Amino acid sequence: MADNSKEKSKDKKANTTHSSPSKSEKENIQLNINEDANKQLLIQLQGKLDKVKLGGGQKKIDKHKSKGKLTARERINYLLDKDEEGNTTYFNEIGAFVGDDMYNEWGGCPSGGVVTGMGHVSGRLCVIVANDATVKAGAWFPITGKKNLRAQEIAMENRIPIIYLVDSAGIFLPLQDEIFADKEHFGRVFRNNAHMSAEGIVQVSAIMGSCVAGGAYLPIMSDEALIVEGTGSVFLAGPYLVKSAIGEDIDQETLGGASTHCEISGVTDNKYPNDEACLDAIRNIMDKIGEPDSAGFNRSEPKLPTKSMEEIYRLLPADRTKPYDMRDIIERIVDDSDFEEYKKDYGKTILCGHARIDGWSVGIVANQRTILKSGKKEMQMGGVVYSDSADKAARFIMTCNQKKIPLLFLHDVTGFMVGSRSEHGGIIKDGAKLVSAMANSVVPKFTIVVGNSYGAGNYAMCGKAYDPRLMLAFPTAKIAVMSGASAAKTLLQIKVGSEKAKGREVSKEDEEKLLAEITASYEKQTTPYYAAARLWIDAIIDPMETRQIISMGIEAANQAPITKRYNVGAIQT
């Protein structure tokens, strides 16, 4: 019996040893967990996009189409070039999630009631703006104005043509005080029309539905104004307002329809029997405009990365606090997986280097997320900007401006290093140097938030306030002044302190409940969807789209020659 017992004990030990996963097995398990988590985020992204693309809903779409009209997205798809197999070429949509979970008291405003983005029409890269009449008849909410201005900004800074597909009832009157009178409100659109015209930036408009009041100026201030018979109309005041103001009875078509404006007033240039014919006319216009200027950015034959892009899903940690090597992400985005590092052994928490994306030469500035040891043998935390990394990045940005190389910033930053050692070492001075070098850059900048983008780190790495040509985010992004855990604890302390000042004691249970509520509220505000709804970012993208979007962004930027000399001003030393 004793011998049997020994044998069982041996077997148990052997089985226990055998069942323990090795280091490589543990790593593979973690990679699988990462992949599952990231693909779940992509499923969520696609589900939200599918919902957004329904605009005001299927009933509104059916009603819209019953008038013989295409939807905003159908108009864009018809307009865009087709590949050899007849498929629509890539449309880089800007602001798909604008208005997400906003204006709920008014029934919501999916995509801000307007579809905007960049695509090729008759071989020419253009910005396209299409009102979605299934959303409150295409009326302008405050966020609609912001989105329209962003589309115009992209056209102006890249000097590329802009096409307006107009179908809008004008300002959403219940919120008129938030969209009408300020500098960045509705009127700014027409100011931009005038400036673009003066700068020789081509603007073509198609009136494909209502075009009312002040909105009537947008198509008429374009270089060409086309109109669709039967559905298109443009007037400063509609029939009801005319009746109210001057007592005149007149129908919409006689007042401002296609025949009136093409045959009598001369307000519009040509009329077309339906949406398709009008869109064909726009394609013909774009086919005949002159060649664009060139900034002269370097491009060679595009090459795919040698390392699989799909491995990004496995490499990005499911837990945003976990370390990873940003080089692994870069090597799966750039041509031939070739990343030539700048000052590799100095300032290691920021990676800088040269690469190509779809053939275009780029300078990359990226936060490194591994735990590192500096040249002074000091431990440095990944995702944190130290004096040496700020110094390196500033110098690299300056050299890219010197060499006329566009910049790509990859965020996973928790902020600048704090504490007496950093303060005494001049972290503020070195941070200021980085911000100055980046803010004054004259080469185009592009930003992707891969993971965290917190506090001053967001600013130093070319956040929205620093004019990136495109500001993008992976579904893994977090954007806020600080992490949710840190902010929630701070906010809790403020709340508890406020209650105590009023003579109220807060129990431990109430504190825990309050912390949970604050954390949930704050975490919601850090998501990429919250940022995208307010246009803090232009788009949330699948990492697989990175190369295509950045390539199109540089193609657009290459049509705007650099006319300003790079000057960093009073640089900190």
Side-chain angles (χ1 to χ4, degrees), residues 55-56 60-72 74-76 78-79 113-115 128-141 144-145 148 163-173 176 179-180 186-187 189-190 193 203-282 285:
K60 293 285 180 66
I61 290 172
D62 293 341
K63 184 178 178 182
H64 180 87
K65 291 172 75 76
S66 70
K67 300 172 185 175
K69 299 163 72 173
L70 300 175
T71 66
E74 286 173 338
R75 287 165 178 168
I76 290 171
Y78 187 93
L79 191 60
V114 61
V115 184
I128 304 172
V129 178
N131 297 117
D132 186 351
T134 70
V135 179
K136 297 291 189 296
W140 285 49
F141 282 66
T144 314
N148 275 270
I163 297 167
Y164 306 100
L165 306 180
V166 185
D167 196 343
S168 170
I171 286 173
F172 185 64
L173 286 178
Q176 64 86 26
I179 182 61
F180 172 65
F186 194 59
V189 171
F190 317 129
N193 287 143
Q203 300 174 85
V204 177
S205 287
I207 301 162
M208 312 184 86
S210 297
C211 188
V212 184
Y217 287 107
L218 184 148
I220 310 312
M221 291 184 74
S222 298
D223 300 309
E224 302 205 33
L226 319 179
I227 188 167
V228 178
E229 294 179 283
T231 56
S233 59
V234 54
F235 32 65
L236 293 181
Y240 293 119
L241 187 53
V242 168
K243 173 69 173 174
S244 172
I246 63 173
E248 181 183 3
D249 279 310
I250 190 167
D251 65 86
Q252 181 165 303
E253 189 63 26
T254 306
L255 180 64
S259 295
T260 294
H261 286 310
C262 284
E263 298 171 21
I264 300 171
S265 73
V267 165
T268 53
D269 301 322
N270 285 301
K271 59 184 178 180
Y272 300 90
N274 52 43
D275 282 8
E276 291 86 348
C278 189
L279 295 168
D280 286 335
I282 294 174
I285 291 168

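Remember, it's a predicted structure, so these values are computed and weren't measured experimentally.
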For side chain to side chain contact (heavy atoms under 4.5 Å, CB included), just list the numbers for Ile207 and His261, CA-CA rounded to whole Å, side-chain angles, deciding distance to a tenth of an Å, and then say yes or no. CA-CA 11 Å; Ile207 301 162; His261 286 310; over 6 Å; no
Given side chain to side chain contact (heavy atoms under 4.5 Å, CB included), test Val166 with Val234 step by step and report yes or no. CA-CA 10 Å; Val166 185; Val234 54; over 6 Å; no
In Å, rounded to the nearest 0.5 Å, how long is the span from SG of Cys262 to NZ of Lys271? 6.5 Å
Looking at residues at least two apart in the chain, or sitting in another chain, which of them share a salt bridge (Lys or Arg N to Asp or Glu O under 4.0 Å) with Glu248? none
Examine the side chains of Tyr164 and Asn131 and answer whether a donor and an acceptor come within less than 3.5 Å of each other. no
Rounded at 0.5 Å granularity, tell me how far CD1 in Ile163 sits from CD1 in Ile282. 6.0 Å
Does any non-hydrogen side-chain atom of Leu279 lie less than 4.5 Å from one of Met208? yes
First locate atom CG of Asp275, then atom CG of Leu70, and finally report the distance between them rounded to the nearest 0.5 Å. 4.5 Å
Ile250 versus Pro239, closest heavy-atom pair with distance: O-CB, 3.3 Å
Using only atom types and a distance under 3.5 Å, with no angle test, would you say the side chain of Ser168 pairs donor to acceptor with the backbone of Gly170? yes
Within a radius of less than 6.0 Å around OH of Tyr78, do more than 12 heavy atoms belonging to other residues, nucleotides or ligands occur? yes
Has the side chain of Ser210 got a donor or acceptor atom that lies under 3.5 Å from a matching backbone atom of Val212? no
With side chains defined as the heavy atoms from C-beta onward, is the minimum distance between Val228 and Lys69 less than 4.5 Å? no
Of the non-hydrogen atoms in Ala72 and Val115, which two are nearest, and what is the gap between them? CB-CG2, 4.1 Å
Counting C-beta onward and ignoring hydrogens, is there a side-chain heavy-atom pair between Leu255 and Thr260 closer than 4.5 Å? no
If every non-hydrogen atom of Leu226 is compared with every non-hydrogen atom of Cys278, which pair is closest and at what distance? CB-SG, 3.9 Å
Stepwise side chain to side chain contact (heavy atoms under 4.5 Å, CB included) test for Ile227 and Val267: CA-CA 10 Å; Ile227 188 167; Val267 165; over 6 Å; no
Heavy-atom neighbours of Lys65 NZ exceed 12 at 6.0 Å: yes
Examine distances only and state if a side-chain atom of Ser66 and a backbone atom of Lys63 form a donor-acceptor pair shorter than 3.5 Å. yes
Rounded to the nearest 0.5 Å, how far does CD1 of Ile179 lie from CG of Leu173? 12.0 Å
Let's go through Asp249 and Lys243 carefully: what are the C-alpha distance in whole Å and the side-chain angles of both, what is the deciding distance for side chain to side chain contact (heavy atoms under 4.5 Å, CB included) to 0.1 Å, and is it a yes or a no? CA-CA 6 Å; Asp249 279 310; Lys243 173 69 173 174; 3.2 Å; yes
Please collect all side-chain hydrogen bond (donor to acceptor under 3.5 Å, both in side chains) contacts where either partner lies in residues 221-231, sequence neighbours excluded, each pair once. Ser205-Ser222
Parallel under 30°, tilted from 30 to 60°, perpendicular over 60°: which one fits the rings of Trp140 and Phe186? perpendicular
Value for CG (Leu241) from CD1 (Ile246), rounded to nearest 0.5 Å, stands at 9.5 Å
